[in-house]
Amino acid sequence: MNVNQHSSHPDHDPFELNAFSRGLYIGGAWRPAAGEGQIKVVDPSTEAVIATVPDASLVDAASAVEAAASAAEGWREMPPRRRSEILRRCFELMVERSETIARLISLENGKALRDARGEVAYAAEFFRWNAEEAVRISGEFGSAPAGGNRIVVDYQPIGICVLITPWNFPAAMATRKIAPALAAGCTVILKPASETPLTAYALAALYEEAGVPPGVVNVMTTSTPGPVIAAMLADPRVRKLSFTGSTGVGRTLLAEASKNVISCSMELGGNAPFIVFDDADIDAAIEGLMVAKMRNAGEACTAANRIYVQSGIHDAFAEKFARRMAALKVGPGVAPDTECGPMITRKAAEKIERLVADAISRGARALCGGRILAGRGFFYPPTVLVDVSPASDMGCEEIFGPVAPLYRFESEAEVIAAANDTEYGLAAYIYTRDIGRGMRVASKIEAGMIALNRGLVSDPAAPFGGVKQSGLGREGGQHHGIAEFMEAKYIATSF
């Protein structure tokens, strides 16, 4: 295990971090919070405060809704081709500034720079994809079955959208919502996570440069999200809530949105099974698992959370996989050779420690890792556990970290039952050389997304979302993402 958790940022840091938040971004202007409060941004690699951002209040929330409302008609009526060109320019600017954005993500989030670069590329792609889709929104025309009238269906922007994004993918989770909303003709208010706000503000400046009119995109950070979000949802002009985060918070937001019957899209928690059958290519499965488990150091809702390996290859798989995990270099996200950065907060690292301790107390063994790292920074090492009891807490809770629990299984029916034994249903992974088996098992797994012989499932061109307690609606895809931000209007006519 290589650990470099005490390194500081390079002296040749190319930008001043506070420059990425000149204030709340409301109505195309940068301004302080009404109460002039500030939120500290902490580097999880060093625990140092690296910047501050405004702490928005109810007054600021009202201003953001007003700005979005004032810009709504102009953006809705703008020709789709023009909206498309602006979205395309957002894509181009993100690509041009990709290294700066990636470094910013690594600094405030802690993720390895290679992961941050991948996130920026993925995030930018949502603008390119939706730029192409913005000009393809069309309606429907047909005859009523009884022949008495014609059926005309027009798709219109749903209205002002409140978007809430998490800290683990501060660029991608924002663009995955903003791009389709803008393509549909909606105006938005983005509330990014207070742990990683700098990326959201940096991107707001980029959108402005790309030609997004004032008020179309508004960005505000707050340390009191409950009251601030509730106030915006209580405004009758707000017609959409899109949230990515925990299932618990999602339930609370759904209850709040129900008071005014607001349309909701929810991308919530996951508990992804990763299934490896005896006939799988072990090396390919391990490569896939390294991606599915260790992308963003395991801090992803799609991360492999329960790894089921058939008994015939279990021991060989566990030994080889543990060697790969133990060899990963742990260090600050901005260090060029880091492969596993810190967790987002001390609390997050301590939760992982609790889950591992519980599993070990029930008979699990750590083949590598297994203890929180001492020193500054919120580091937890890549860890592989075997002999894990299904009754362990990590079997039903999201680990959200670099810990891989392995479970042995015997039959196809057994592993399908185990994989579905969860309230979640976001993603799942299957490795087998038998494509017939792979498709058969995939059809029986209760998840919104299945990766068959792949460790990466996300794609801007594919619908992202889950079933059961993992959420409502879809993001991305040929039409699914934009459809979340539109309403169908039926017109009956005769001629």
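Position 1 is the first residue of the sequence, and the numbers go up from there. Below, all heavy atoms of this structure are taken into account, side chains as well, without hydrogens, waters or symmetry copies.
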Is there a side-chain contact between [X] and [Y] in this structure, where contact means two heavy atoms from C-beta onward sitting under 4.5 Å apart?
X: S194; Y: D55; result: no
X: I160; Y: T187; result: yes
X: F243; Y: I229; result: no
X: N260; Y: P236; result: no
X: K259; Y: L233; result: no
X: R239; Y: S263; result: no
X: S458; Y: R295; result: yes
X: K347; Y: F378; result: no

NZ/NE/NH1/NH2 to OD/OE distance under 4.0 Å, [X] and [Y]:
X: E484; Y: K240; answer: yes
X: E209; Y: R97; answer: yes
X: E96; Y: R89; answer: yes

About how many Å separate [atom2] of [Y] and [atom1] of [X], when rounded to the nearest 0.5 Å?
X: R117; Y: S98; atom1: CZ; atom2: OG; value: 8.5 Å
X: L355; Y: Y380; atom1: CG; atom2: OH; value: 9.0 Å
X: C90; Y: I178; atom1: SG; atom2: CD1; value: 9.0 Å
X: T383; Y: I352; atom1: OG1; atom2: CD1; value: 8.5 Å
X: Y201; Y: L24; atom1: OH; atom2: CG; value: 4.5 Å
X: I151; Y: T493; atom1: CD1; atom2: OG1; value: 11.5 Å

What pair of heavy atoms forms the shortest contact from [X] to [Y], and how long is it?
X: L113; Y: V334; result: CD2-O, 4.1 Å
X: A359; Y: M394; result: CB-CE, 4.0 Å
X: A204; Y: V219; result: CB-CG2, 3.9 Å
X: P214; Y: G27; result: CB-O, 3.4 Å
X: A257; Y: L241; result: CB-CD2, 4.3 Å
X: L426; Y: G269; result: CB-O, 4.1 Å

More than 12 heavy atoms from other groups under 6.0 Å of CD on E36 | no
So with a 6.0 Å cut-off around CZ of R237, is the heavy-atom count from everything else above 12?
-> yes
Are [X] and [Y] linked by a side-chain donor-acceptor pair shorter than 3.5 Å?
X: R76; Y: Q156; answer: no
X: R176; Y: Y122; answer: yes
X: N109; Y: T196; answer: no
X: D60; Y: S57; answer: yes

Picking from R88, R82, R81, R83, what satisfies salt bridge (Lys or Arg N to Asp or Glu O under 4.0 Å) with E85?
-> R82
Taking [X] for its side chain and [Y] for its backbone only, find out whether a donor-acceptor pair lies under 3.5 Å.
X: K293; Y: V403; result: yes
X: S84; Y: P80; result: no
X: E299; Y: I344; result: yes
X: S265; Y: S242; result: no
X: E475; Y: G481; result: no
X: T52; Y: K40; result: no
X: T221; Y: P54; result: yes
X: S392; Y: G395; result: no
X: N218; Y: V188; result: yes
X: D235; Y: M232; result: no

Residues in ring pair (Phe, Tyr, Trp, His ring centres under 6.0 Å) contact with Y207, at least two apart in sequence or another chain | F127
Within residues 123-135 or reaching into it, pairs that qualify as side chain to side chain donor-acceptor pair (under 3.5 Å) - sequence neighbours excluded | E125-R128
Return the orientation label for the W30 and Y25 ring planes: parallel under 30°, perpendicular over 60°, tilted otherwise.
-> tilted
Would R31 and I26 count as a side-chain contact (heavy atoms from CB on, under 4.5 Å) if you check the C-alpha gap in whole Å, the side-chain angles of each, and the deciding distance to 0.1 Å?
-> CA-CA 8 Å; R31 52 194 254 184; I26 297 176; 4.1 Å; yes
Test log, rule side-chain contact (heavy atoms from CB on, under 4.5 Å), inputs K468 and E423 = CA-CA 6 Å; K468 300 197 289 190; E423 68 178 3; 5.9 Å; no
Side chain to side chain donor-acceptor pair (under 3.5 Å) test vs Y155 passes for just one of K489, E140, E487, namely E140
Report the residue from D421, T422, T247 that forms a side chain to side chain donor-acceptor pair (under 3.5 Å) with N271.
-> T422
Could you check R346 against I372 for side-chain contact (heavy atoms from CB on, under 4.5 Å), going step by step and ending with a plain yes or no?
-> CA-CA 10 Å; R346 175 71 63 188; I372 198 168; 4.2 Å; yes
Check against side-chain contact (heavy atoms from CB on, under 4.5 Å), T345 and W167 = CA-CA 11 Å; T345 61; W167 49 262; over 6 Å; no
Chi angles and distances behind the salt bridge (charged side-chain N to carboxylate O under 4.0 Å, His left out) call for E267, K177 | CA-CA 11 Å; E267 196 266 281; K177 298 179 188 298; over 6 Å; no
